[in-house]
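What you see is a predicted model, and the numbers here were worked out from it, not measured in a lab. The first residue in the sequence is number 1, and the count goes up from there.
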Amino acid sequence: MSGEVFHKGRVVSITPELTTVEIVSEAACSSCHAKGLCGLGESKTKAVQLPASPWDDYKVGDEVTLVLKASMGHKAVWVAYVIPLFILMAGILALLSFGADELVSGLCSILAVAVYYFVIWLLRDRLKNEYIFNIKR
C-alpha cells in the first residue's frame with residue numbers, strides 16, 4: 001500500500017472514451033488554524049481524465065479514490081523539476097567556464113530549460129499514456 005499515492009475525487013463526467021474525475025489539491029498548511037491569516041494556504045481543483053472501461057459502473061457525482069503508483073510520482077518530479085534544474089545549472093557552469101558573460105550564461109541556460117519544457121509539451125500525448133490513474137471506490 002505504501003507504494004501508491006491516493007487522491008480523493010468526484011466523478012464529473014463520463015463518456016464512452018473517458019471518465020473525468022475532479023480532485024482538490026490542497027497545500028500542506030491548509031489544515032492549519034492560522035491559514036486565513038497568513039494567506040499561504042491554497043487549494044486547486046484539477047480534472048483528471050482516465051480511460052473509461054465498459055464494465056465500470058460509476059455515475060456522475062460518485063466519490064472515488066484515484067490511485068497512482070508512487071514510482072510514477074517520483075518520475076514526474078524528475079521530469080518536471082530535477083532534470084530542468086540540472087540543465088539550468090550545467091548550462092550556467094559550462095558557459096561561465098568558457099568565458100561567457102554572466103547575463104548571457106543565465107539567459108542561454110533559461111532558454112535551454114524553455115526548449116526542454118517545449119519538448120516535454122510536444123511529447124505530452126506520449127507521457128500521458130505513462131501516467132495512468134486507477135479508480136477505487
Side-chain angles (χ1 to χ4, degrees):
M1 276 287 206
S2 65
E4 297 177 331
V5 178
F6 300 93
H7 290 285
K8 294 202 182 288
R10 184 175 44 87
V11 177
V12 291
S13 72
I14 299 172
T15 65
E17 299 86 27
L18 296 171
T19 301
T20 305
V21 177
E22 184 179 75
I23 59 174
V24 177
S25 175
E26 297 182 354
C29 59
S30 65
S31 61
C32 176
H33 66 281
K35 74 175 180 177
L37 298 174
C38 72
L40 295 176
E42 65 179 54
S43 63
K44 296 179 183 176
T45 302
K46 298 177 184 174
V48 178
Q49 294 181 332
L50 305 121
S53 300
W55 54 85
D56 288 340
D57 62 344
Y58 302 112
K59 295 174 184 59
V60 173
D62 284 353
E63 296 291 325
V64 295
T65 301
L66 296 180
V67 182
L68 179 70
K69 290 182 183 177
S71 62
M72 289 291 106
H74 297 304
K75 183 178 176 182
V77 168
W78 273 89
V79 169
Y81 301 111
V82 178
I83 294 173
L85 177 64
F86 284 143
I87 291 171
L88 183 72
M89 295 305 298
I92 288 173
L93 294 174
L95 289 171
L96 286 175
S97 69
F98 287 123
D101 185 49
E102 289 177 358
L103 178 64
V104 172
S105 298
L107 291 176
C108 288
S109 298
I110 290 172
L111 180 64
V113 172
V115 168
Y116 170 79
Y117 279 122
F118 180 70
V119 170
I120 294 297
W121 180 77
L122 290 175
L123 298 173
R124 67 188 179 276
D125 291 332
R126 191 171 174 188
L127 290 171
K128 187 190 313 183
N129 294 332
E130 291 185 29
Y131 297 95
I132 297 182
F133 284 89
N134 295 313
I135 299 177
K136 289 186 181 178
R137 285 208 184 259

Flag yes if [X] and [Y] sit in one hydrophobic cluster, no otherwise; membership is Ile, Leu, Val, Met, Phe, Trp, Tyr, and two members link when side-chain heavy atoms are under 4.5 Å apart.
{"X": "M89", "Y": "W78", "answer": "no"}
{"X": "I120", "Y": "Y81", "answer": "yes"}
{"X": "V82", "Y": "L127", "answer": "yes"}
{"X": "F118", "Y": "L85", "answer": "no"}
{"X": "V77", "Y": "V79", "answer": "yes"}

Least distance between heavy atoms, [X] atom then [Y] atom:
{"X": "I87", "Y": "A112", "result": "CG2-CB, 3.9 Å"}
{"X": "Q49", "Y": "T20", "result": "CG-OG1, 3.7 Å"}
{"X": "S109", "Y": "G91", "result": "OG-C, 3.0 Å"}
{"X": "V12", "Y": "E22", "result": "CG1-CB, 3.6 Å"}
{"X": "L95", "Y": "V104", "result": "CD1-O, 4.5 Å"}

**Study point:** Spacing of CG belonging to L66 relative to NZ belonging to K8, to within rounding of 0.5 Å
**Key:**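 The CG atom of L66 sits 10.5 Å away from the NZ atom of K8.
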Point to revise | CG-SG distance between L88 and C108, expressed to the nearest 0.5 angstrom | key: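 So the CG of L88 and the SG of C108 are separated by 11.5 Å.
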Practice item. Please tell me if the side chains of V113 and F86 come closer than 4.5 Å, counting only heavy atoms from C-beta onward. Key: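 Of all side-chain heavy-atom pairs linking F86 with V113, none is under 4.5 Å.
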Check your understanding: Would you say the side chain of T19 lies within less than 4.5 Å of the side chain of V11, judging by non-hydrogen atoms?
Key ->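 Yes, close enough: below the 4.5 Å cut-off.
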Check your understanding: Can you tell me if CZ on R126 sees more than 12 non-hydrogen neighbours from other groups inside 6.0 Å?
Key ->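 No, the 6.0 Å shell around CZ holds no more than 12 heavy atoms from other groups.
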**Study point:** N/O donor-acceptor pair under 3.5 Å between Y117 side chain and A80 backbone
**Key:**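 Confirmed, Y117 side chain pairs with A80 backbone.
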